[in-house]
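Keep in mind it's a predicted model, so treat the numbers as computed, not measured. Residue numbers begin at 1 in each chain, while the letters A, B, ... track the order of the sequences.
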Amino acid sequence: MSDSIDDRPSESSEIPYSFARTAGVGEIRRSFADLGPGESTGVVYSVAGRIMLLRRQGKIAFAELRDSSGHIQLFTGADVTENFDKFVDLSLGTWIGATGEVITTRRGELSLKVQRWVVLAHAERGFGDKWHGVTDPDTRYRQRYVDLWANPEVREIFVKRSKIISEMRHYLEGKGFMEVETPLLHSVAGGALAKPFTTHHNALDMDLFLRIAPELYLKRLVVGGFEKVFEIGRVFRNEGISPRHNPEFTMLELYQAYADYHVMMELTEDLVSHLGQVICGSTVISYQGRELDLTPPWKRVTMEEIVSEQLGREVCVSMGLSELSAIAVEHEIFVSPSWGPGKVLLEIYEKIAEHTIWDPVFVCDYPLEVSPLSRDHRSKHDMVERFEVIIAGRELANAFSELTDPAEQRRRFLHQVAQHIEGDEEAMGMDEDYLRALEYGLPATGGLGIGIDRLVMLLTDQSQIREVVAFPTMRPEQDR
RNA sequence: GCGCCUCUAGCUCAACGGCAGAGCAACGGACUCUUAAUCCGCAGGUUCUGGGUUCGAAUCCCAGGGGGCGCACCA
């Protein structure tokens, strides 16, 4: 293997710099779907892809050529195909370009009767067992380029991921939203409660954080007069890796001036059900063997209601810290002395209620204490106008009526800073420029964030985030 | 970070204290309509690494490394 490069210098020099492909194999399959057995069409195409199977039968041979659109059989014979002896000698995995007539074989298999062919790349390594493929997760995630050939269904997930994001853009632009880009390097880690990655800028000699959310910059753009903005981009959180968490993941965040969280609910259920319809062909989809109904309108409940329902007794944030803490302890929830009643209520909710939800639910009205960027609820004391969307027991989206009052935002930041000093690594820092922006005036604004990876998991029926991220974060390989 | 499981040929897997094996891939050969083609032949190993127990270790024990699952954290 290691000396193979020296073995064929001449072959490498014969690799062409381009190949004039005239069709993808999927296109040919669609055009000639109705041919009977043993037909010749007189139509000639040039295709390109990898040889994935090769069956020799004396002076003829059959090969399976696969490209990104599917696979087609190549029919070759000593009397029809140039360099037939070399063709049957090809290793599985070799990229070739082939030109020939569309035919069907006696058994009715749509094939290309190859007249000319050329090697486009040699495969010095094999793609694993032709029946079992490659199943080792380590190999699959580290060498996705192998996984994509060895396990064709993997390809479909990434095609769908691309369509989901593309359709999302199309949908939002259709609603008058403008796509923007904001910094990934932040001098203050804000916009979410999470531990940031730290990096360093040499020329400025300053530490910077990889963003944990684009939120504060997007709202600055609303202050600047862009009324409907969105960003689809990577965010980074320095936390554990799990089947549902990758340290870098993709979020959609959008902001709409003059809107509140009720508008965000309508937008969310319309967007997600639309994506279900486009990607899965229905707003009723199948997830992990179970039916899941994305059809709007989605159920709306308050956090206090759903917790009360699960506990079988009335629970609200105003019942006070000691009583809520007692309930938490009853359910084996750790309660930190620094927590107020709002945080305790959130913990109870996450422990006992969140996982019980299957079909989409808007869980509304969060404690102010755990929502430093959300606007006070217009009728409930110590609560904010915020909701999360829970689907299949997981948080998919987070949204609120944005806090617009600079003085109140300053108080919230100060509280966060105090929390940080007390050891809460996820608490936000003070962002003076953001406060200054609010002082110029932010109108009523609705904001929404959707975890794209989890949305893709939902619409592609995957239970692990690593299946929808092409190159998930992994430890570096040891010596190989 | 903690707990449980796992790592054997390029790939998929056997052997579970007694000679490290099979199928596929690779390599050599036969075959003019195959569909994971078939048939014949040949080759392929630091059983993740390092210690230990034992007459004898892929197998049992300890430590380390990779991976998976669960918990914790979060989206």
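Within the 4.0 angstrom heavy-atom criterion, base atoms lie near A:Ser242. The residue A:Ile450 sits apart from the nucleic acid: no heavy atom pair falls under 4.0 Å. In this structure, A:Asp136 reaches the sugar-phosphate backbone alone: every heavy-atom distance under 4.0 Å involves primed, P, OP1 or OP2 atoms, never a base. Looking at heavy-atom distances under 4.0 Å, A:Asn246 makes contact with a base. Within 4.0 Å (heavy atoms only), A:Gly133 reaches sugar-phosphate atoms of the nucleic acid but no base atom. Across all strands, A:Gln57 comes closer than 4.0 Å to base atoms (heavy-atom distances). Within 4.0 Å of A:Glu64, counting heavy atoms only, lies no atom of the nucleic acid at all. Residue A:Phe334 is classed as having no contact, given no heavy-atom separation below 4.0 Å to the nucleic acid. Residue contacts shown for A:Gly128 are limited to sugar-phosphate atoms, with no base heavy atom under 4.0 Å away.
Toward the 5′ end of RNA chain B lies the nearest nucleotide of A:Asp89, the other residue of the pair A:Asp89 and A:Ile60 mapping further downstream.
Look at A:Lys130 and you won't find any side-chain N or O under 4.0 angstrom from OP1 or OP2 of B:rC24. Taking 4.0 angstrom as the limit, A:Arg142 places a side-chain polar atom (N or O) nearer than this to OP1 or OP2 of B:rG67.
Rounded to whole Å, the P atom of B:rU6 lies 27 Å from the corresponding atom of B:rG23. Rounded to the nearest Å, the gap between the P atom of B:rA36 and that of B:rG51 is 48 Å. A distance of about 15 Å separates the P atoms of B:rG45 and B:rU8, rounded to the whole Å. Nucleotides B:rA30 and B:rG44 have their C1' atoms positioned 23 Å apart, rounded to a whole Å. Separation of the P atoms belonging to B:rC33 and B:rU38 is 16 Å when rounded to the nearest angstrom. Taking atom C1' in both B:rC60 and B:rU53, the straight-line distance is 8 Å, to the nearest Å. Nucleotides B:rC55 and B:rC2, compared at atom C1', are 41 Å apart to the nearest Å. Taking atom C1' on both nucleotides, B:rA58 is separated from B:rA20 by 8 Å, rounded to a whole Å.
Taken to the nearest 0.5 Å, the CZ atom of A:Phe127 stands 10.0 Å off from the CD atom of A:Gln143.
Side-chain proximity of A:Gln73 to B:rU35, B:rC33, B:rC13: nearest is B:rU35. Residue A:Ser91 has its side chain nearest to B:rC27 when only B:rG70, B:rU32, B:rC27 are considered. The listed nucleotides are B:rC33, B:rG67, B:rG70; the one nearest the side chain of A:Arg244 is B:rG70. Nearest nucleotide to the side chain of A:Leu92, out of B:rA25, B:rA72, B:rC11: B:rA25. With distances taken from any side-chain atom of A:Val134 to the nucleotides B:rC11, B:rC33, B:rA37, the minimum falls on B:rC11.
Atom pair A:Leu110:CG and B:rU35:P shows a separation of 17 Å (rounding to whole Å applied). Atom CD of A:Glu239 is separated from atom C1' of B:rC71 by 16 Å (rounded to the nearest Å). Whole-Å rounding puts the A:Ile241 CD1 to B:rG1 P distance at 11 Å. Rounded to an integer number of Å, the gap from A:Trp131 CH2 to B:rC24 P is 14 Å. Rounded to whole Å, the distance from CE on A:Met474 to P on B:rG65 is 16 Å. Distance, A:Phe127 CZ to B:rC11 C1': 12 Å, rounded to whole Å. The interatomic distance linking A:Glu101 (CD) with B:rC33 (P) rounds to 19 Å, in whole Å. Rounded to a whole Å, the CZ atom of A:Arg56 is 12 Å from the P atom of B:rG28.
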Parsed dot-bracket for RNA chain B after applying the Watson-Crick and G-U rules with both distances under 3.5 Å and | for other-strand partners is (((((((..((((....[..))))..((((.......))))......(((((..]....))))))))))))....

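Side-chain atoms of A:Arg300 come within 3.5 Å of backbone N or O of A:Trp298 as a donor-acceptor pair.
Judged by the 6.0 Å and 45° rule, A:Arg220 forms a cation-pi pair with A:Tyr217.
Nearest heavy atom pair, residue A:Thr135 against residue A:His132, reads CG2-O, 3.8 Å. The two atoms that bring A:Pro196 and A:Leu210 nearest to each other are CB-O, 4.3 Å, heavy atoms only. Here the shortest heavy-atom pairing between A:Leu368 and A:Val384 reads CA-CG1, 3.6 Å.
Side-chain atoms of A:Asp129 come within donor-acceptor range of the base of B:rG23, with a qualifying N/O pair under 3.5 Å.
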A:Tyr366/A:Tyr349 under side chain to side chain contact (heavy atoms under 4.5 Å, CB included): CA gap, chis, key distance, verdict = CA-CA 10 Å; A:Tyr366 276 58; A:Tyr349 156 73; 4.0 Å; yes

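In this structure, A:Phe400 has its ring center no closer than 6.0 Å to that of A:Tyr261.
Ring geometry for A:Tyr287 against A:Trp358 counts as tilted: the plane angle lies between 30° and 60°, on a 0 to 90° scale.
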Show the atom names and distances, to 0.1 Å, of all donor-acceptor pairs under 3.5 Å that link a side chain in residues 75-86 of chain A to residues at least two apart or in another chain.
| residue | atom | partner | partner atom | Å |
| --- | --- | --- | --- | --- |
| A:Thr76 | OG1 | A:Ala61 | O | 3.0 |
| A:Thr81 | OG1 | A:Gly77 | N | 3.2 |
| A:Thr81 | OG1 | A:Val114 | O | 2.6 |

